[in-house]
Peer 1: 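Okay, here's the structure, questions in a sec.
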Number of protein chains: 2
Amino acid sequence: MTLFQENGYDRTTVEEIAARAGLTERTFFRYFADKKEVLFGGSEALHERIVTCIADTPPGTAPLDAVAAALESMTPFFKDRRDHARARQSLLAVHAELRERELIKLASLASASAAALRKRGVTEPAASLAGEAGIAVFKVAFERWLEDPKAQDLSRHIQLGLDELRAVTARTGPGAPAEPPRKPAKTASARKP
Amino acid sequence: MTLFQENGYDRTTVEEIAARAGLTERTFFRYFADKKEVLFGGSEALHERIVTCIADTPPGTAPLDAVAAALESMTPFFKDRRDHARARQSLLAVHAELRERELIKLASLASASAAALRKRGVTEPAASLAGEAGIAVFKVAFERWLEDPKAQDLSRHIQLGLDELRAVTARTGPGAPAEPPRKPAKTASARKP
DNA sequence: TGCCTGATGTCAGCAGCTGACATCAAGGGG
DNA sequence: CCCCTTGATGTCAGCTGCTGACATCAGGCA
């Protein structure tokens, strides 16, 4: 991170990173598949945590709630890393390749969640959708958490995001109209032939 | 695609691709930012289409419905490309780098959708969530479309996905939600074409 | 002591990608 | 009809990411 912040991501060579760690470029590539991968350490831990967390959710919990609970459980993990997360995020903002990597990690979390749900008896289209929806909430919540001037908890943002998602997906969607108390026709009217 | 299928993605060199097109490697990189990017031509078209489609949705439409309608409108675009899409998908299945690229394209669609919704007066957390949720539905629907032995329309799968998402995000209601009745409401919630 | 194993270093080499410059063809104005 | 501009392409050199093959070295263990 230090090197990246000083010289920029792509003007930092892998050889330099390795040297800073007292190692060789070759050794670097034995620990990290990629130059990008240095920025994603510990993602396996999150992965594992989410899966076990979903598995441990009391039976009868709604799928989306199970995923949300798992995501909330990572709050302490990020608690003291807000500054680091912000630095990381500003790297991602500049370099699309890094965003790509972030996205595939999140997608992997989504499909792991789906698998965990399936193991609980959730049937297929629902499991994947719950996983994806949960991750969508997390993405939005995480960004808002980083920017939040009030510095509210990450879990708080996740809950807010969940509520908002529920509102948005509710059959007759609120939050839409600039015109206040307009009750739009049922969703069927929005369909195009 | 031919080259990729014959020799595999990473055993196909950019020079070979360019040669097959009667050009030079250098010229290739003037048209494509990346080796990966050859597989993602036309994504700007989709992007644009979605945005205008959301903008043209009748006012008062629920945000998620607007996004879904926009996504459904791409059905004819894929209609005759199912085989090609499948070939592409099997490349993606093998090569994570390509999946990364796909994901960032989809994410870009999601944020474009969110922007389009915002322009319609949808407030912020809702807009992003609707965009992400819509794309989530699309991802799942697209995969199911590719595998569907009955070869139903892509738009059909999108509708089913939307319904399923709505069911999954519905507030945890009375009936035990973890496992709904075996042959679920699919038919009951079917839409009028 | 001597062997095995795992971590690291060394080296050579390919492929992706870029900048700088040359070339060439088409078209428009003089 | 010629010349000049412009845009597309080719050529060349070079860096960096990344990999395979092999050497080295240290620690543990028989």
Side-chain angles (χ1 to χ4, degrees), chain A residues 1-45 47-48 84 87-108, chain B residues 1-45 47-48 84 87-108:
Chain A
M1 272 299 284
T2 319
L3 286 171
F4 288 160
Q5 283 171 331
E6 282 172 1
N7 312 326
Y9 175 76
D10 36 359
R11 270 189 303 273
T12 304
T13 179
V14 172
E15 195 176 359
E16 290 169 343
I17 303 176
R20 174 69 60 103
L23 293 174
T24 318
E25 187 190 10
R26 192 63 183 87
T27 305
F28 175 96
F29 283 112
R30 284 197 253 259
Y31 283 83
F32 303 98
D34 242 20
K35 177 179 173 185
K36 305 162 208 159
E37 201 67 13
V38 247
L39 286 166
F40 296 85
S43 79
E44 328 76 24
H47 197 282
E48 190 179 339
H84 178 267
R88 225 185 70 115
Q89 205 76 353
S90 55
L91 274 182
L92 297 209
V94 176
H95 298 280
E97 0 157 22
L98 298 175
R99 240 173 302 140
E100 287 185 339
R101 182 57 50 88
E102 173 98 333
L103 287 172
I104 209 176
K105 297 282 184 188
L106 288 172
S108 140
Chain B
M1 272 298 284
T2 319
L3 285 172
F4 288 159
Q5 284 171 330
E6 282 172 2
N7 312 326
Y9 175 76
D10 36 359
R11 269 189 305 271
T12 305
T13 180
V14 173
E15 196 176 357
E16 290 169 341
I17 303 175
R20 173 70 59 104
L23 292 174
T24 318
E25 186 190 10
R26 192 63 182 89
T27 305
F28 176 96
F29 282 113
R30 284 196 253 259
Y31 283 83
F32 302 97
D34 242 18
K35 176 179 173 185
K36 304 162 210 161
E37 201 69 11
V38 248
L39 286 166
F40 296 85
S43 79
E44 328 76 23
H47 197 282
E48 190 178 337
H84 178 267
R88 226 185 70 115
Q89 205 76 355
S90 56
L91 274 182
L92 297 209
V94 177
H95 297 279
E97 1 158 22
L98 298 176
R99 240 173 302 142
E100 287 185 339
R101 182 58 48 89
E102 173 99 331
L103 287 172
I104 209 174
K105 298 282 184 189
L106 288 172
S108 141

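Throughout, a chain's letter reflects where its sequence line sits, starting with A, and its residues are numbered from 1.
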Peer 1: Would you give a per-nucleotide map of nucleotides 17-23 of chain C, 5' to 3', where B means the base has a protein non-hydrogen atom under 4.0 Å away, S means only the sugar-phosphate does, and - means neither?
Peer 2: BBBB---
Peer 1: Let me know the distance between CD of B/Glu97 and P of D/dC18, rounded to the nearest Å.
Peer 2: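 Atom-to-atom, B/Glu97 to D/dC18, this comes out as 10 Å.
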Peer 1: What donor-acceptor contacts under 3.5 angstrom involve side-chain atoms of residues 23-34 of chain A, with partners at least two apart or in another chain?
Peer 2:
| from | atom 1 | to | atom 2 | distance (Å) |
| --- | --- | --- | --- | --- |
| A/Asp34 | OD2 | A/Arg101 | NH1 | 3.1 |
| A/Asp34 | OD2 | A/Arg101 | NH2 | 2.5 |

Peer 1: Below the 4.0 Å mark, does D/dT9 have OP1 or OP2 next to a side-chain nitrogen or oxygen of B/Tyr31?
Peer 2: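 True: B/Tyr31 side-chain N/O within range (under 4.0 Å) of D/dT9 OP1/OP2.
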Peer 1: Starting at CD of A/Glu16 and ending at P of D/dC15, how long is that distance when rounded to a whole Å?
Peer 2: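 Rounding to the nearest Å, CD of A/Glu16 and P of D/dC15 are 14 Å apart.
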Peer 1: What is the separation between atom CD on A/Glu15 and atom P on D/dC18, rounded to the nearest whole Å?
Peer 2: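 Whole-Å distance recorded here is 14 Å.
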Peer 1: Taking the minimum atom-to-atom distance to the side chain of A/Thr27, which one of D/dT16, C/dG9, D/dG10 wins?
Peer 2: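 Closest nucleotide to the A/Thr27 side chain: C/dG9.
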Peer 1: Specify the closest pair of heavy atoms between A/Glu100 and B/Ile104, including all atoms of both residues, with the distance to one decimal.
Peer 2: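 What the structure gives for the nearest pair is CG-CD1, 3.5 Å.
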Peer 1: From B/Leu106 CG over to A/Leu103 CG, what is the distance, rounded to the nearest 0.5 angstrom?
Peer 2: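 Those atoms lie 9.5 Å apart.
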Peer 1: Above 12 or not: heavy atoms from other molecules or residues under 6.0 Å from CD of B/Glu16?
Peer 2: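 For B/Glu16, atom CD is crowded (more than 12 foreign heavy atoms under 6.0 Å).
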Peer 1: Does CD in A/Glu15 sit with more than 12 non-hydrogen atoms of other residues, nucleotides or ligands closer than 6.0 Å?
Peer 2: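 Counting neighbours around CD of A/Glu15, 12 or fewer heavy atoms of other residues, nucleotides or ligands fall under 6.0 Å, so no.
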Peer 1: When you check the phosphate oxygens OP1 and OP2 of C/dG16, does a side-chain N or O of B/Thr13 lie under 4.0 Å from one of them?
Peer 2: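 Checking B/Thr13 against C/dG16: at least one side-chain N or O falls below 4.0 Å of OP1 or OP2.
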Peer 1: How many angstroms lie between CE in B/Met1 and CD1 in B/Ile17, if you round to the nearest 0.5 Å?
Peer 2: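 Between B/Met1 CE and B/Ile17 CD1, I get 11.5 Å after rounding to 0.5 Å.
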